[in-house]
**Q** 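Pasting in a structure now, in C-alpha cells, and then I'll have a few things to ask.
Throughout, protein chains are lettered first and strands after them, A, B, ... in sequence-line order, and every chain is numbered starting at 1.
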Amino acid sequence: MKNTYYITTTLPYVNAKPHIGFALEIVSADVLARANKLFGKEVFFNTGTDEHGLKILRKAEELGVSAQEYCNAQAKNFKSLRDLLNVEFDRFIRTTDADHKEAAQKFWKICDENGFIYKKNYKANYCVGCELEKTNSELVDGKCPDHPNAEIEIIEEENYFFKFSEFGERLLKMYKDNPDFVKPKKRFNEIISFVEQGLQDFSISRLKEKMPCGVEVPGDEKHVMYVWFDALVNYISTLGWPNEEENFKKWWPGVQFCGKDNLRQQSAMWQAMLMAANLPCSKKVYVNGFINIDGQKMSKSLGNVISPEEMVQRYGVDATRYLLLSMGSFGEDADINWARLDEKFNADLANGIGNLTSRVITLYKKAEFDLDFEKSKRKPFVDNIELEKSLDEGRFGDEITRIMKLVQELDRSIEQQKPWELIENEPEAFRESIEGLARGVYFIGLKLKPFMPETSESIVNSLEEKNKVKLFPRL
RNA sequence: CGCGGGGUGGAGCAGCUUGGUAGCUCGACUGGCUCAUAACCAGUAGGUCAUCGGUUCAAAUCCGGUCCCCGCAACCA
C-alpha cells in the first residue's frame, strides 16, 4: 500500500484578495496534511493561484498595470497565507509558471490526439456597455441588467470544445466504483444527478486577439485556453507531470479540497479531462460549504466582510484556524459574525483549553516531582481509527468536540479531586492527581497538533519545562 | 412545474443514510468552589423537531402535499 498522501486546494482566482472561504479551504487541507504526516505518511500539499482569464486582464487594466505585474502582486498576497495561517504547503504553483504552461499544452495535445477536442462555432451574447460576454442566465429580458438600454450583440467565433458529453457513462461508473469519491454525501448525490441529466460539451478556448491572457493552444496561435482548462491541470503539473513520471506516480491520484461552487469542475469536468488524457481520476474530493455573515452572503457592498487578516489580528493564528474549522460543520454553510466568534473564542479557547492548561500547570509547579512525558509522545496518532474516520469524512469538528470533552472531563476531575487540599497531608494522592491531570493536558496538547500547531507546542513545552503559559487571553 | 440547500427549546447547530427514551455549545436562573485567564463544577427552567396527510406497533428520521427562508447573476470558496 502506498504510504504517500497528496492533497491540493483549488487555485483561487486572483481578481480579489484572499477570501475567508479560501482561508477555510486551505486550513482544512493543512489539517489533513499535518494529520497524515502524524499518521506516518509522506505528504505533498499543493496550493497556488489561477492567473489567467478576462477578469484578471480587466482588473489589471483598471489599475494601469500589466497582467503579469498584477498577478505577481496578488500571488504574493495569497502566498502570505502560509505565514498568516501557518499552512505548510509544499508547492505554491502559479498557472503562469513555465512548467505548468508546458504541462497544460501537453495535456491538451493528448486530449486532442485521443479525439476529445474539436472546433465549432460558438455564439455568445455581448454587452457593449460592459464590454463583456454574457451568458443567457445573466440576461434579464434579453438585456444586460447593468445596461438595459444597450442592445445585446450576438457574436460568433470559432472555439475549441471538449467532448464532455462522451463521459457521462464513464463518470457514473467511476462514481459507482468509488462510493466515497465526493464528501459529503449530499454533494455526491448532487453531482451524480447532474451527470445523469446529460452532459454538454464545453468551450475550452478563446480568441487570442480578444483575450490574450492565457496559455496558447498548441498548434493554433490564434487561440488561448479558457482558464478552466489550463487551471485544472495544475493538480498534476505541480507534481512534475508529464516530465517527471516517477514523481507523478508517487503522488497521484490525490485528494482535493474545494468549495461547493467548484463541485462540477472538480468532481466531473476535471475527472472527465483526466479520463480523456488516460490518467487516473482523483482519489477523493472534499466539498465544503460557504461562510455567511449573519445569514447573508459576504459582500463589499454590504460592508460585512470578515477577512482572514482581521481574524488573525483579533484572535491569533491558531485561534483563527480553530474558529474557521469549528464554526460550522463540514459541507454545510456556516453562519458567523464577530460576536459569535468572540463567544466561541472565550468559551472553547480562553475558558476551556487556555484556562485548564493554566490551572493544571500551576498545580503541577507546586509538585516536588517531575514527570516524564516522553513515552506518550506519539500516542494520539497511532492506530487512531476514530480520528482517521473523522478526517476521512472531512469531519474535523468531531475531533475538536472530542478534545473539548477531554477538557471538560479534566476540569471536572480537578473539582472532584481538589488537589490543592491534598498537597499538605496526602502527598501520594496529590501526586496521583497531578500526574493524571498533567498527562491529560499533555495528551490534549498532542491531539491539537494538526489543528493548532503552535498551541500544541506551547502546551507540550510548558509541561515538559514546567513553565506557565498564557494561551488565549480572554477577550 | 429551472436546479439545489434549509426550517429542531432565547441564539447557533448535531441527529435524518441504517425509524424505537430529542442531544451539543452559548445564553438565563439557583447553588458550590478558589488550583485557574471574574475562569471552573453541580443542578434547574425552556422544544407539539415549519405545517398537513400517509406508511408503521413506533416518524425529527421514510413517502406525498403546502407554506416560508437562502444560494445558483454580482468582488468573491
**Q** So what does A/Lys297 touch, heavy atoms closer than 4.0 Å: a base, only the sugar-phosphate, or nothing?
**A**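 Result for A/Lys297 = base.
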**Q** Regarding A/Lys468, tell me which of base, sugar-phosphate or nothing describes its non-hydrogen contacts under 4.0 Å with the strands shown.
**A** sugar-phosphate
**Q** When you compare the side chains of A/Asp348 and A/Tyr322, does any donor N or O come within less than 3.5 Å of an acceptor on the partner?
**A**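 Side chains of A/Asp348 and A/Tyr322: pair found under 3.5 Å.
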**Q** Any chance you could lay out the side-chain contact (heavy atoms from CB on, under 4.5 Å) test for A/Val287 and A/Val285, step after step, and finish with the verdict?
**A** CA-CA 6 Å; A/Val287 185; A/Val285 181; 4.0 Å; yes
**Q** Closest approach to the side chain of A/Arg412, judged atom by atom: which nucleotide of B/C41, B/U37, B/G5 is it?
**A** B/C41
**Q** Is it true that A/Ser66 and A/Glu69 share a donor-acceptor pair across their side chains at a distance under 3.5 Å?
**A** yes
**Q** For the side chain of A/Arg359, counting heavy atoms from C-beta on, which of B/A36, B/G32, B/C26 is nearest?
**A** B/A36
**Q** When you measure from the side-chain N and O atoms of A/Gln408 to the phosphate of B/C40, is any distance below 4.0 Å, counting only OP1 and OP2?
**A**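 No, outside the criterion.
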**Q** NA contact type, A/Ile291, heavy-atom cut-off 4.0 Å: base, sugar-phosphate, or nothing?
**A**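 Since a base atom lies under 4.0 Å of A/Ile291, the category is base.
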**Q** Using a 4.0 Å heavy-atom cut-off across all strands, classify A/Asn355 as base, sugar-phosphate, or nothing.
**A** base
**Q** In which ranges does RNA chain B form stems of 3 or more consecutive Watson-Crick or G-U pairs, distances under 3.5 Å?
**A** B:2-7 with B:67-72, B:10-13 with B:23-26, B:28-32 with B:40-44, B:50-54 with B:62-66
**Q** Select base, sugar-phosphate, or nothing to describe what A/Phe194 touches, counting heavy atoms under 4.0 Å on all strands.
**A** nothing
**Q** Donor-acceptor pair, distance only, cut-off 3.5 Å: does the side chain of A/Tyr175 make one with the backbone of A/Ile191?
**A**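 No, the answer is negative, given that no donor and acceptor are paired below the 3.5 Å cut-off.
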**Q** So what does A/Gly397 touch, heavy atoms closer than 4.0 Å: a base, only the sugar-phosphate, or nothing?
**A**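 Here A/Gly397 touches no strand at all.
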**Q** If you check the A/Ala350 side chain, which of B/U37, B/C35, B/A74 turns out closest?
**A**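 Of the candidates, B/U37 comes closest.
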**Q** Rounded to whole angstrom, note down the P distance from B/U8 over to B/U18.
**A**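 My reading of the P atoms in B/U8 and B/U18 gives 24 Å.
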**Q** Check nucleotides 11-17 of chain B against the protein and report each pair of N or O atoms closer than 3.5 Å, with its distance, or say if there are none.
**A**
from: B/A14; atom 1: OP1; to: A/Ser329; atom 2: OG; distance (Å): 3.0

**Q** NA contact type, A/Gly259, heavy-atom cut-off 4.0 Å: base, sugar-phosphate, or nothing?
**A**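 Sugar-phosphate contact only.
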**Q** Assign A/Leu471 to base, sugar-phosphate, or nothing according to its heavy-atom contacts below 4.0 angstrom with the strands shown.
**A**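 The answer is base, as A/Leu471 lies within the cut-off (heavy atoms under 4.0 Å) of a base atom.
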**Q** With a 4.0 Å cut-off on heavy atoms, is A/Lys418 in touch with a base, just the backbone sugar-phosphate, or nothing at all?
**A**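 The answer is nothing, as A/Lys418 stays clear of every strand by at least 4.0 Å.
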